[in-house]
Amino acid sequence: QVELVESGGGSVQAGGSLRLSCASTPGYTYRTGCMAWFRQAPGKEREGVAAIYAAGEKTYYADSVKGRFTISHLNAKDTLDLEMKSLKPEDTAMYYCAGNWGRCVWRGYLTPPTANDFDNWGQGTQVTVSS
């Protein structure tokens, strides 16, 4: 079982920024599999907001976060980060890091990944954006 641990959540005002990080079991990184950030707000389904495939050659972003969120990685730390800027109240949710080190499913640049595409999950980190 691959361990994923998220950090960096918190409370910010609208327009602010946060950087989430996902630390994974050594050897299980975006370079050796596919990873993603999902979020789930109360009463809503879990949605994929950003994902990275093929050692970083392909990335997906949900329309709602394009231009504001960036999935990134720091080679020295092997973490998968989600840089979030211009945050909006509707970004408030629990954010989860997910990974798959078996068969990755690339659904294209316009189709979001599904939760079933990933079999390893972190515990989540809360992001709250106030207006």
Side-chain angles (χ1 to χ4, degrees):
Q1 186 76 12
V2 179
E3 184 178 23
L4 300 174
V5 180
E6 304 97 335
S7 61
S11 297
V12 295
Q13 290 193 326
S17 301
L18 281 173
R19 185 185 186 105
L20 307 183
S21 288
C22 176
S24 53
T25 301
Y28 294 88
T29 70
Y30 72 94
R31 289 195 293 269
T32 57
C34 50
M35 298 183 72
W37 284 95
F38 283 75
R39 69 184 180 187
Q40 188 167 20
K44 295 189 176 181
E45 291 187 359
R46 191 168 295 192
E47 63 167 336
V49 295
I52 186 167
Y53 301 81
E57 290 186 3
K58 298 177 181 178
T59 53
Y60 163 85
Y61 292 98
D63 286 344
S64 58
V65 306
K66 278 180 182 175
R68 300 188 300 121
F69 290 13
T70 303
I71 200 166
S72 64
H73 45 84
L74 299 176
N75 290 331
K77 292 185 177 182
D78 259 352
T79 59
L80 186 74
D81 294 354
L82 185 68
E83 297 177 73
M84 305 185 296
K85 299 180 181 179
S86 302
L87 283 162
K88 304 175 181 180
E90 51 263 45
D91 294 319
T92 295
M94 184 71 79
Y95 283 71
Y96 297 90
C97 177
N100 186 336
W101 286 272
R103 180 175 176 269
C104 287
V105 178
W106 168 246
R107 297 182 181 275
Y109 294 102
L110 301 180
T111 302
T114 70
N116 288 335
D117 292 342
F118 299 88
D119 51 7
N120 294 278
W121 293 85
Q123 294 298 309
T125 186
Q126 178 68 36
V127 172
T128 303
V129 185
S130 58
S131 57

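Computed from a predicted model, the values in this text were never measured in an experiment.
Residue Ser131 holds its OG atom at 13.5 Å from NZ of Lys88, rounded to the nearest 0.5 Å. Atom-to-atom distance recorded for Asp91:CG and Phe69:CZ is 4.0 Å, nearest 0.5 angstrom. Atom CD1 of Ile52 and atom OH of Tyr61 lie 7.5 Å apart (nearest 0.5 Å). To the nearest 0.5 angstrom, Leu20 atom CG is 8.0 Å from Asp81 atom CG. Going from atom OG1 of Thr128 over to atom CG of Leu87 covers 10.5 Å, rounded to the nearest 0.5 Å. Atom CG of Asn116 sits about 11.0 Å away from atom CZ of Arg46, to the nearest 0.5 Å.
Between Asp63 and Lys66 there is a salt bridge, since a side-chain N of the basic residue sits under 4.0 Å from a carboxylate O of the acidic one.
The closest donor-acceptor contact from the side chain of Ser21 to the backbone of Ser7 lies at 3.5 Å or more, if one exists at all. Side-chain atoms of Ser24 never come within 3.5 Å of backbone atoms of Leu4 as a donor-acceptor pair (strictly under, hydrogens ignored). Proximity of a side-chain donor or acceptor of Thr29 to a complementary backbone N or O of Arg31 within less than 3.5 Å is detected. Side-chain N or O atoms of Thr32 include one that pairs as donor or acceptor with a backbone N or O of Gly27 at under 3.5 Å.
When side chains are defined from C-beta on, Trp121 does not count as touching Cys97, because their heavy atoms never get closer than 4.5 Å. Counting heavy atoms from C-beta outward, Thr114 and Arg107 have side chains that approach closer than 4.5 Å. Contact of the Asn120 side chain with the Thr25 side chain is not registered, since no non-hydrogen atoms from C-beta on lie closer than 4.5 Å. Residues Arg39 and Ser64 have side chains in contact (heavy-atom distance under 4.5 Å, counting atoms from C-beta outward).
Using cut-offs of 30° and 60° on the angle between ring planes, the pair Tyr53 and Phe118 is tilted. Classification of the Trp101-Tyr28 ring pair by plane angle, with boundaries at 30° and 60°, yields perpendicular.
For Gln126, the CD atom counts as densely surrounded, since its 6.0 Å shell holds more than 12 non-hydrogen atoms of other residues, nucleotides or ligands. Within a 6.0 Å sphere centred on CD of Gln123, other residues, nucleotides and ligands contribute 12 heavy atoms or fewer.
Considering every non-hydrogen atom in both Ala14 and Pro89, the closest pair reads CB-CD, 4.1 Å. Closest of all the heavy-atom pairs between Glu6 and Gly122 is OE2-CA, 3.2 Å. Residues Pro113 and Ala51 share a closest heavy-atom pair of CG-CB, 4.1 Å.
No continuous path of hydrophobic side-chain contacts links Tyr60 to Leu110 [ILVMFWY only; heavy atoms under 4.5 Å]. With hydrophobic clusters built from ILVMFWY side chains whose heavy atoms lie under 4.5 angstrom apart, Phe38 does not share a cluster with Val49. Residues Ile71 and Trp106 do not share a hydrophobic cluster, clusters being chains of Ile/Leu/Val/Met/Phe/Trp/Tyr side chains in contact below 4.5 Å. Residues Met94 and Leu80 fall into different hydrophobic clusters, defined by Ile, Leu, Val, Met, Phe, Trp and Tyr side chains chained together at heavy-atom separations under 4.5 Å. Criterion: ILVMFWY side-chain heavy atoms under 4.5 Å apart, direct or through other members. Under it, Tyr96 and Val129 are not part of a common hydrophobic cluster.
Not counting sequence neighbours, the partners of Glu83 by the salt bridge (Lys or Arg N to Asp or Glu O under 4.0 Å) test are Arg19.
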Let me see the working for Cys22 and Trp37 under side-chain contact (heavy atoms from CB on, under 4.5 Å), right down to the final yes or no. CA-CA 9 Å; Cys22 176; Trp37 284 95; 3.6 Å; yes
